[in-house]
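To start, the structure itself, in structure tokens.
These values consider heavy atoms only, across backbone and side chains, with no hydrogens, waters or symmetry-generated copies. We count ligands from 1, going down the list as the structure has it; atoms in each ligand are counted the same way. Owing to the predicted nature of the structure, the values given are computational and were not obtained by experimental measurement.
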Amino acid sequence: MSDRRKFLKTSALAAAAVVVNASQTEAREMKALVKPVTVKPVVISTWKFGLQANEEAWKILANSGRALDAVEAGVKVPESNMNERSVGLGGRPDRDGHVTLDACIMDEFANIGSVACLEHIMHPISVARAVMEKSPHVMIVGDGALQFALSEGFTKEKKDVEESQKDWKEWLKTSNYKPVINIENHDTIGMIAMDANGNLSGACTTSGIAYKMHGRVGDSPIIGAGLFVDNEVGAATATGHGEEVIRIAGCHTVVELMRQGRTPQQACEEAVARIVKITKNRGKNLKDIQVGFIALNKNGEHGAYCVQKGFNYALYDIKGNNLFNSDSYVK
Ligand code: ASP
């Protein structure tokens, strides 16, 4: 090849490289222009009791605290409210009269901890955190969970909540197990937050569905079902019939859909659509099922969706702490 031809070829390649580089830079700049501004900190939680729980979480988030500390402090509010019939020791018992608690927690490093079927402890979420931080395991259940809690210095609460026991004795007259949707005999607080550093964490705690079989565990203490956090993508938590959430690995599904590019809203809707389809395919009646998801992505955008009307959630961001009705599949 002559020197001139070599020169022309090299110049052409160099020019092409410049064009490619220019267009890549332009593309990058354009992407930066359309990228939504990250809204942080932000905390979102299920149901109306989320409002009070968010207040507690916000105290930590507003002081540049860690999302993990915020979600733990937040969900402890309904856990210690003895008038709360679906979370904590004030919750309705199982069919044998035991109040059994389920909880899990997950941080930005994918550290996880969970307890299930735990009795006599005021703050199962803190026991879940102790499992995460102080045990070699990720999940401890039943008597073992109580034993672990006591060894970590948690106090054994002995007294049953009178009102819950009264409800249970009333229920025993028919012993009809049929969770009524949105009527307070189930509910869970799931809370997910992004802190000022942009890190995500989540917590989920419940007394489960009232009058369940002794030993029944729902979605709430199951990482991937009732809660999932991926610090690169987003976080999700769930409430409602745990069996249906577990069936589709609910919150992991929501987060993976966000990873594939769905907005939090689209991801929640798609997960609910999957539950609806499976319910119909199994020949079950959709009207007996309620599931609600809430989700948050790394831009601080949120989404919520449920099967039946009646699910609400509390969102605390720079605009304040507000309760919203979730859109639903069944209108
Ligand atoms: N998901 C909970 C459970 O199945 C109950 C609820 O959120 O309503 O135990």
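Using a non-hydrogen distance threshold of 4.0 Å, Glu243 does not register as a contact of ligand 1.
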Name every donor-acceptor pair, under 3.5 Å, that has one atom in a side chain of residues 273-284 and the other anywhere in the protein, sequence neighbours excluded.
unit_1, atom_1, unit_2, atom_2, d
Thr279, OG1, Ile275, O, 2.6
Lys280, NZ, Tyr329, OH, 3.4

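Lys76 has no carboxylate O lying under 4.0 Å from a charged side-chain N of Glu56, or vice versa, which leaves the two without a salt bridge.
The 12-atom threshold is exceeded at CG of Asn197, counting heavy atoms of other residues, nucleotides or ligands nearer than 6.0 Å.
Using a 4.0 Å cut-off between heavy atoms, Arg216 contacts ligand 1 through its side chain alone, with no backbone atom that close.
Side-chain N or O atoms of Gln265 include none that pairs as donor or acceptor with a backbone N or O of His302 at under 3.5 Å. A donor-acceptor contact shorter than 3.5 Å links the side chain of Asp94 to the backbone of Asp96.
Using a 30° and 60° split on the angle between ring planes, Trp171 and Tyr211 fall in the parallel class, below 30°.
For ligand 1, the atoms lying closer than 4.0 Å to a non-hydrogen atom of Asp219 are 1 (N), 2 (C), 3 (C), 4 (O). In the vicinity of Ser220, heavy-atom distances shorter than 4.0 Å reach the ligand 1 atoms 1 (N), 2 (C).
An N or O contact shorter than 3.5 Å is missing between Thr206 and ligand 1 by distance. For Asp102, no nitrogen or oxygen atom sits less than 3.5 Å from a nitrogen or oxygen atom of ligand 1, counting backbone and side chain alike. Backbone and side-chain nitrogen or oxygen atoms of Gly240 are examined, and one is located within less than 3.5 angstrom of a nitrogen or oxygen of ligand 1. In terms of polar-atom proximity, Gly208 is not counted as a contact of ligand 1, lacking any N or O under 3.5 Å from an N or O of the ligand.
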